[in-house]
A.B. asks: 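Please find one structure pasted underneath; my questions will follow.
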Amino acid sequence: MSEYSRSPRQPKKGSGSSGASGGARRGGPAAARGGSGSKGRTGRPVAGGRSGSGGKATGPRFAGSTKASQPTKLPDRKAAPEIDVHDPEGVRLQKLMAAGGVGSRRVCENLIEQGRVEVDGQVVTELGVRINPQTQVVHVDGVRVNLDEDRVYLAFNKPKGVVTTMHDELGRVSLEDYVGNREQRLFHVGRLDADTEGLLLLTNDGDLAHRLQHPAYGVLKTYVATIRGPVQRDVGKRLREGVELEDGPVSVDSFRIVDHQPGKAMVEVVLHEGRKHVVRRMLEAVGHPVLELVRTEVGPIRLADLKSGRTRRLNKAEIGALYKAAGM
């Protein structure tokens, strides 16, 4: 069953409206104190209180009201303008969603009718809507759907000794030796130095690649480093508070010790910085030079059991999670 095929959660029936009306019937504390001759704690009559015929008290009259205890009417807010996302020359929305891996055509139609689908930020509930998959953006339950079948998203386990470039003029082993035979021109998301191995994302989606590697979007990268030990007790605190490097201060988002061995230790470092050799430089700055370094995660994508030198295509859920992490 597709992750989108579940029925949306129905809002719980709250008591907010009944409580509000009940408060209006009772008049609230202000109405109770508003009788003729009644006085507040200061000994002065409560503002707005007056006596009707028979001496019974009524609630205070608010400015602009026509009945006692009726609040002033708030000004009407202008509704957000609706955007016509229909493209007569486009493809039916449910067909594109099914091709994008959301679910069967019928499941996609149900999602549209339930108001769980947005096109360019506009909720679509009609089944006849057509869109342009090259220019328009679709979200289902807040998760972006990839509509462009020409886009490629790969996870690559970069071996040690491979330089992160699609072509190396010095003749060193590069990414070209692993993915150079593909028709699409791929971008590498960020870099790993030659001595660092692990997860590297490859794609021809330039906008996504830019956001994933730019520190302003806060996409986390996780590294496992083998360092000289033993690890000092205050290392984690110092790294979280920030250390000064030659190109400015840097701090980690998370740090923990994974394992201890005689003379060395294995630690996990999580950060959203992307400066050159930043993990190696910051660990050396706190007295623990790196012996080995592996990147295990980029945002929601994990290296897992992908073998060194191998690539795999990201599935639809992983692509949607990457879009979400990048705020797209």
Side-chain angles (χ1 to χ4, degrees), residues 1-11 76-155 179 182-189 201-214 216-219 298-301 311-328:
M1 180 181 293
S2 168
E3 63 178 310
Y4 298 104
S5 61
R6 300 189 301 268
S7 299
R9 295 180 179 177
Q10 299 296 326
D76 295 331
R77 294 183 179 180
K78 293 183 179 180
E82 292 189 0
I83 303 173
D84 185 7
V85 298
H86 178 68
D87 183 350
E89 304 298 324
V91 184
R92 285 190 179 275
L93 177 58
Q94 57 266 42
K95 180 179 179 180
L96 289 172
M97 290 170 56
V102 174
S104 68
R105 190 81 63 93
R106 182 55 187 164
V107 167
C108 295
E109 290 174 350
N110 289 338
L111 292 170
I112 293 172
E113 292 175 333
Q114 292 167 6
R116 297 165 63 183
V117 180
E118 293 183 359
V119 178
D120 293 343
Q122 184 76 33
V123 176
V124 175
T125 57
E126 297 180 7
L127 298 180
V129 172
R130 294 174 177 267
I131 67 168
N132 185 340
Q134 302 297 326
T135 60
Q136 294 181 278
V137 176
V138 174
H139 287 83
V140 178
D141 291 340
V143 178
R144 181 166 170 171
V145 180
N146 177 36
L147 303 177
D148 191 348
E149 296 181 354
D150 293 330
R151 288 182 176 174
V152 178
Y153 305 87
L154 301 176
V179 295
R182 292 181 174 271
E183 296 180 1
Q184 302 89 349
R185 179 173 178 267
L186 299 178
F187 306 97
H188 46 83
V189 180
L201 299 183
L202 303 170
T203 181
N204 56 355
D205 188 336
D207 291 338
L208 178 62
H210 168 71
R211 285 180 174 242
L212 289 176
Q213 60 188 317
H214 199 292
Y217 295 98
V219 180
V298 175
I301 309 304
T311 62
R312 70 171 180 85
R313 282 184 174 268
L314 301 186
N315 59 43
K316 302 296 182 180
E318 289 176 318
I319 296 171
L322 273 179
Y323 277 126
K324 187 174 183 179
M328 300 178 68

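As a basis for the values below, the full set of heavy atoms in this structure was taken, side chains included, without hydrogen atoms, waters or symmetry mates. Everything numeric here is computed off the predicted structure, so don't read it as measured data.
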A.B. asks: Filter on salt bridge (Lys or Arg N to Asp or Glu O under 4.0 Å), then keep only pairs touching residues 85-99, sequence neighbours left out; what's left?
C.D. replies: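 Found none.
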
A.B. asks: Kindly indicate whether the side chain of Leu322, heavy atoms from C-beta on, has any atom under 4.5 Å from the side chain of Leu201.
C.D. replies: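 Leu322 vs Leu201: side chains touch.
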
A.B. asks: Would you name the heavy atoms of Val123 and Gly115 that are closest together and state the gap between them?
C.D. replies: CG1-O, 3.7 Å

A.B. asks: How many angstroms lie between CD in Glu113 and CD in Glu126, if you round to the nearest 0.5 Å?
C.D. replies: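 These two atoms lie 11.0 Å from each other.
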
A.B. asks: Side chain of Gln94, backbone of Leu127: donor and acceptor closer than 3.5 Å?
C.D. replies: yes

A.B. asks: Give me the atom names and distance for the closest heavy-atom approach of Ala155 to Leu314.
C.D. replies: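 Shortest heavy-atom separation between Ala155 and Leu314 comes out as CB-CD2, 3.9 Å.
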
A.B. asks: With a 4.5 Å cut-off on side-chain heavy atoms, are Val85 and Leu93 touching?
C.D. replies: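 Contact flag for Leu93/Val85 side chains = no.
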
A.B. asks: Ala326: which residues meet the side-chain contact (heavy atoms from CB on, under 4.5 Å) condition with it, sequence neighbours left out?
C.D. replies: Leu208, Arg211, Leu212, Met328

A.B. asks: Quick check for you: to the nearest 0.5 Å, what is the distance between Thr125 atom OG1 and Gln114 atom CD?
C.D. replies: 11.5 Å

A.B. asks: For side chain to side chain contact (heavy atoms under 4.5 Å, CB included), just list the numbers for Leu147 and Ile131, CA-CA rounded to whole Å, side-chain angles, deciding distance to a tenth of an Å, and then say yes or no.
C.D. replies: CA-CA 10 Å; Leu147 303 177; Ile131 67 168; 3.9 Å; yes

A.B. asks: When you compare the side chain of Tyr323 with that of Asp205, does any pair of heavy atoms fall below 4.5 Å?
C.D. replies: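 They are in contact (side-chain heavy atoms under 4.5 Å apart), so the answer is yes.
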
A.B. asks: Can you name the ring pair (Phe, Tyr, Trp, His ring centres under 6.0 Å) partners of His86, sequence neighbours left out?
C.D. replies: none

A.B. asks: Can you measure from CG (Asn146) to CD (Glu318) and round to the nearest 0.5 angstrom?
C.D. replies: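 Rounded to the nearest 0.5 Å, the CG-CD separation comes out at 13.0 Å.
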
A.B. asks: Check whether any side-chain heavy atom of Leu186 lies under 4.5 Å from a side-chain heavy atom of His188, and answer yes or no.
C.D. replies: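 No - every pair of side-chain heavy atoms lies 4.5 Å or more apart.
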
A.B. asks: Taking C-beta and beyond as the side chain, do Leu202 and Val152 meet within less than 4.5 Å on heavy atoms?
C.D. replies: no

A.B. asks: Mind checking the OH-OG1 spacing from Tyr153 to Thr203? Nearest 0.5 Å is all I need.
C.D. replies: 5.0 Å

A.B. asks: Do you know the tightest heavy-atom contact between Lys316 and Gly100?
C.D. replies: CD-O, 3.2 Å

A.B. asks: With Glu118, which residues qualify under salt bridge (Lys or Arg N to Asp or Glu O under 4.0 Å), at least two apart?
C.D. replies: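 Expected list: none.
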
A.B. asks: Flag the pair Glu109 / Ile112 as yes when at least one side-chain heavy-atom distance between them is below 4.5 Å, and no otherwise.
C.D. replies: no

A.B. asks: Any donor and acceptor pair, going by atom type alone, linking the side chain of Asp141 with main-chain N or O of Leu111 inside 3.5 Å?
C.D. replies: no

A.B. asks: Of all heavy-atom pairs between Cys108 and Gly103, which one has the smallest distance, and what is that distance?
C.D. replies: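 Scanning both residues, the minimum pair turns out to be SG-O, 3.8 Å.
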
A.B. asks: State the NE2-NZ distance between His139 and Lys324, to the nearest 0.5 angstrom.
C.D. replies: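 Reported value, rounded in 0.5 Å steps: 10.0 Å.
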
A.B. asks: Sequence neighbours excluded, which residues qualify as side-chain contact (heavy atoms from CB on, under 4.5 Å) partners of Thr311?
C.D. replies: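 side-chain contact (heavy atoms from CB on, under 4.5 Å) check on Thr311 returns Phe156, Val179, Arg182.
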
A.B. asks: Check whether any side-chain heavy atom of Arg151 sits under 4.5 Å from a side-chain heavy atom of Ile319, and report yes or no.
C.D. replies: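 No, side chains not in contact.
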
A.B. asks: Holding to side chain to side chain donor-acceptor pair (under 3.5 Å), I want the full list of residues that pass it with Gln213, two or more places apart in sequence or in another chain.
C.D. replies: none

